[in-house]
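Okay, structure first, notes after.
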Amino acid sequence: MEIDLPPVSRALSALTALLALAGAPAFAQGTPAPATASAPAQEAGEWRTWSSLIRPSKYGNDFRHYDYVNPDAPKGGRLNLQAAGTFDSFNPFPVRGTPAAGFLAFGGGIAYDTLMDQAPDEPGVSHGLIAEAMRYPADFSSVTFRLDPDAKFHDGQPITAEDVIWTFQTVTRLSPLYANYYHNVTSAEATGEREVTFRFNQTGNRELPNIMGDLVVLPKHFWEGTDAQGRKRDIDNPTLEIPVGSGPYRVKAYQPGSTVTWERVPDYWAANKGPRVGRYNYDEIRYTYFRDQSAGWEAFKRGGFSDYRSENSAGRWAQGYDFPAFRDGRVKKEAIPSESGEPMQGFVLNTRRDKFADPRTRRALTLAYNFEEMNRSLFYGQYARTTSYFQGTELASSGLPSEAELKILEPLRDQIPPEVFTTPFTLPDYSQPNAERTYLREAFELLTQAGWKRQGTQLVNARGEPFRIEFLAADPSSSRVIDPYANQLKRLGIETSTRIVDASQYQALTDNFEYDIVTDLMLQSLSPGNEQRDFWSSAAASQPGSRNSPGIRNPAVDAIIEKIIYAPDRESLVAATHALDRVLLWNFYIVPQYHNPNIWLAWWDKFGMPEKRPAYAGIDPFSWWVKGEVPVNTPADQAAAAEPDPAAAPAIPPAKP
């Protein structure tokens, strides 16, 4: 659960959003994939050093570095960052364990490189990294990557086709994210000395060749070898043995669960490759763990523990930046307009629980959410309501369905809410006079229709069982956004409680969908595809670790997802995504919350920054460099760290029934 808005760096979210889909490739199921003869060169397409899902890359094949970076940025210094909770593993790929900051469950993080590198400044574009070039046939039935002869691991061993194939087989076996993402991949085989070809079980999926470039590549020789004690390594389980990577950084030192320090690899093989020039300039990156966001805020004000933050609290942004380091100019802040759309953030209703199975109940819970009052009283009017799963992009639906959308929706008419065809979707507007009374009355009528009835001050079902809801969160300050909503529900006769657990418990509970309501954040691409299965498909609803947190099992949603994945062109993709957005909204699986139209960035003034920023990601902290240290942790800073947190949960008066 986040305080106001999740602490998401758009630079990181654009580069490492966890995209996944339902099902698994043959390797993930433990069955061998059949060997297939290589496609003739004339059928395989031309070699290219980039791929794109929306429009050709502005750099073309002559890509030397991103145009927003300083290619001559100096190297040196340390970047201090904060992380929440704890960690117990340097192996992010099994479901078990909590990976240390810097490792990612999907993608390479700063430890490993991937075949291609997602661009921070162009949506849907990737540039060659471990793979210097790629090609695919016109029917999108396969993709071939040609490995860069310079690519090597930190121990000097070359990255080979065998490493790529072994990694694919391993991560799709271990990780639901990879297994689902590469659902349609039937085989991986070496088709040349430095070439790997992935074959697909269907044609026409324009996204698959592109997203194969997101595959991380691990060192087979390391993981199949033995450790310093002579024990055989086991990639299936968590470990705190420092692994051999291939990325710009490697683990230098750590204190279990407390800190992890990374060092820049001095002979990093890709330092002069286009995606890396002018980036990853720090000699060290140190993550310090804090118990919750309030403790992290105190550490930021003190200095030396956290050099920048993407602020996620309107209260802090409006009132908190009045401490000594900000007043004397050692800390800066800036609101940066967002240009890449907004994620869906909301209260997720777990439809695996019987009490949320009826869409009338879910609609009633949506009607009870008073965003306008929260925005006024808690958020200083700085947020906007989120009304789409693809907010702020051309993929967001509006008005009534277009002719192209109706072609998709009409065959599914008996499986989707009738309002999809007749009524533009809107959320309750509590700014109108008597709105609260009106919406709560409407909500109560819907609950009555769904079989709930009032018994004294409680709502009960036909068996006389009270309607109880437990909110699950990982930070005590989450009550700031839970309590006002909980009080609205109590007015309807619904009992509520909030359960606060530590980060590792929260991860385990959410991975296994053991909750009534959680707050989730659905990060979306501007070119949606296979990952939609993991977000919304029936298969993903029962798969631990999937992104289908609401537990959606809806054949209409499944059908529309396939329309998205196999859309033949951009126009068809947009129409299918509009249709999906409408069906999700009108089923009320999530109570939408809000978004910030800006990125709120605060930093200690130790950085040099390029004059230009990446338009898609918004910020790229890895393109900054240390220009010189500033004083931190002075007596005044220490005193400021102890001051009350403006984002702390306010006292909310109890609800009146």
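No experiment lies behind these values; they were computed from the predicted model shown.
For residues 404-426, the pairs satisfying ring-ring contact (aromatic ring centres under 6.0 Å, His included) are F425-W586, F425-F588, with sequence neighbours left out. The list of salt bridge (charged side-chain N to carboxylate O under 4.0 Å, His left out) pairs with a residue in residues 577-590, not counting sequence neighbours, reads E405-R582.
Between S141 and D139, the side chains place a donor N or O and an acceptor N or O closer than 3.5 Å (distance only, hydrogens not considered). Defined by atom type and a distance below 3.5 Å, a donor-acceptor pair is missing between the side-chain atoms of N350 and D516. Residues Q532 and Q524 have side chains that bring a donor and an acceptor to within less than 3.5 angstrom of each other. Side-chain polar atoms of E122 and S57 form a donor-acceptor pair below 3.5 angstrom. Between the side chains of D121 and Y59, at least one donor N or O lies within less than 3.5 Å of an accepting N or O.
Not one N or O on the side chain of R146 forms a donor-acceptor pair closer than 3.5 Å with the backbone of M134. Between the side chain of Y112 and the backbone N or O of P219, no donor-acceptor pair lies under 3.5 Å. No side-chain donor-acceptor contact under 3.5 Å links Y181 to the backbone of D214.
With respect to the salt-bridge test (charged N to carboxylate O, under 4.0 angstrom), the residues E514 and R499 do not qualify. Of the charged side-chain nitrogens involved, at least one lies within less than 4.0 Å of a carboxylate oxygen, so that E394 and R570 count as a salt-bridged pair. Using a 4.0 Å cut-off between charged nitrogen and carboxylate oxygen, R547 and E531 do not count as a salt-bridge pair.
Among residues two or more places apart in sequence or in another chain, the salt bridge (charged side-chain N to carboxylate O under 4.0 Å, His left out) test is passed with D163 by none. Looking at residues two or more places apart in sequence or on another chain, you find no salt bridge (charged side-chain N to carboxylate O under 4.0 Å, His left out) involving E403. Taking N210 as the reference, S51, L53, S126 meet the side-chain contact (heavy atoms from CB on, under 4.5 Å) condition, with sequence neighbours excluded. Checked against side-chain contact (heavy atoms from CB on, under 4.5 Å), R206 has the following partners two or more places apart in sequence or in another chain: F140.
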* Kindly determine whether S527 and L573 satisfy side-chain contact (heavy atoms from CB on, under 4.5 Å), including the steps that lead there. => CA-CA 8 Å; S527 185; L573 176 72; 4.2 Å; yes
* To do: Take F371 and L427 through the test side-chain contact (heavy atoms from CB on, under 4.5 Å) and record every step on the way to the result.
  => CA-CA 10 Å; F371 162 72; L427 290 167; over 6 Å; no
* To do: Determine, step by step, whether Q415 and N554 satisfy the side chain to side chain donor-acceptor pair (under 3.5 Å) criterion, reporting the C-alpha distance in whole Å, the side-chain angles of both residues, the deciding distance to 0.1 Å, and the verdict.
  => CA-CA 8 Å; Q415 302 174 42; N554 187 322; over 6 Å; no
* Asked: side chain to side chain donor-acceptor pair (under 3.5 Å) between S89 and N91: does it pass, once the steps are laid out?
  -> CA-CA 5 Å; S89 180; N91 179 12; 5.3 Å; no
* Evaluation steps, side-chain contact (heavy atoms from CB on, under 4.5 Å), between T191 and V196 -> CA-CA 6 Å; T191 50; V196 178; 6.0 Å; no
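Within the 6.0 Å centre-distance limit, the rings of F168 and F198 are counted as a close aromatic pair. You'll find the ring centres of W223 and F93 outside the 6.0 Å limit.
One distance of note links CD1 of I565 with CG of N184; it measures 7.0 Å at 0.5 Å rounding. Considering OH of Y178 and CD of Q169, their distance stands at 15.0 Å, rounded to 0.5 Å.
Shown are F347, Y515, Y506; of these, the ring-ring contact (aromatic ring centres under 6.0 Å, His included) with F471 is made only by F347.
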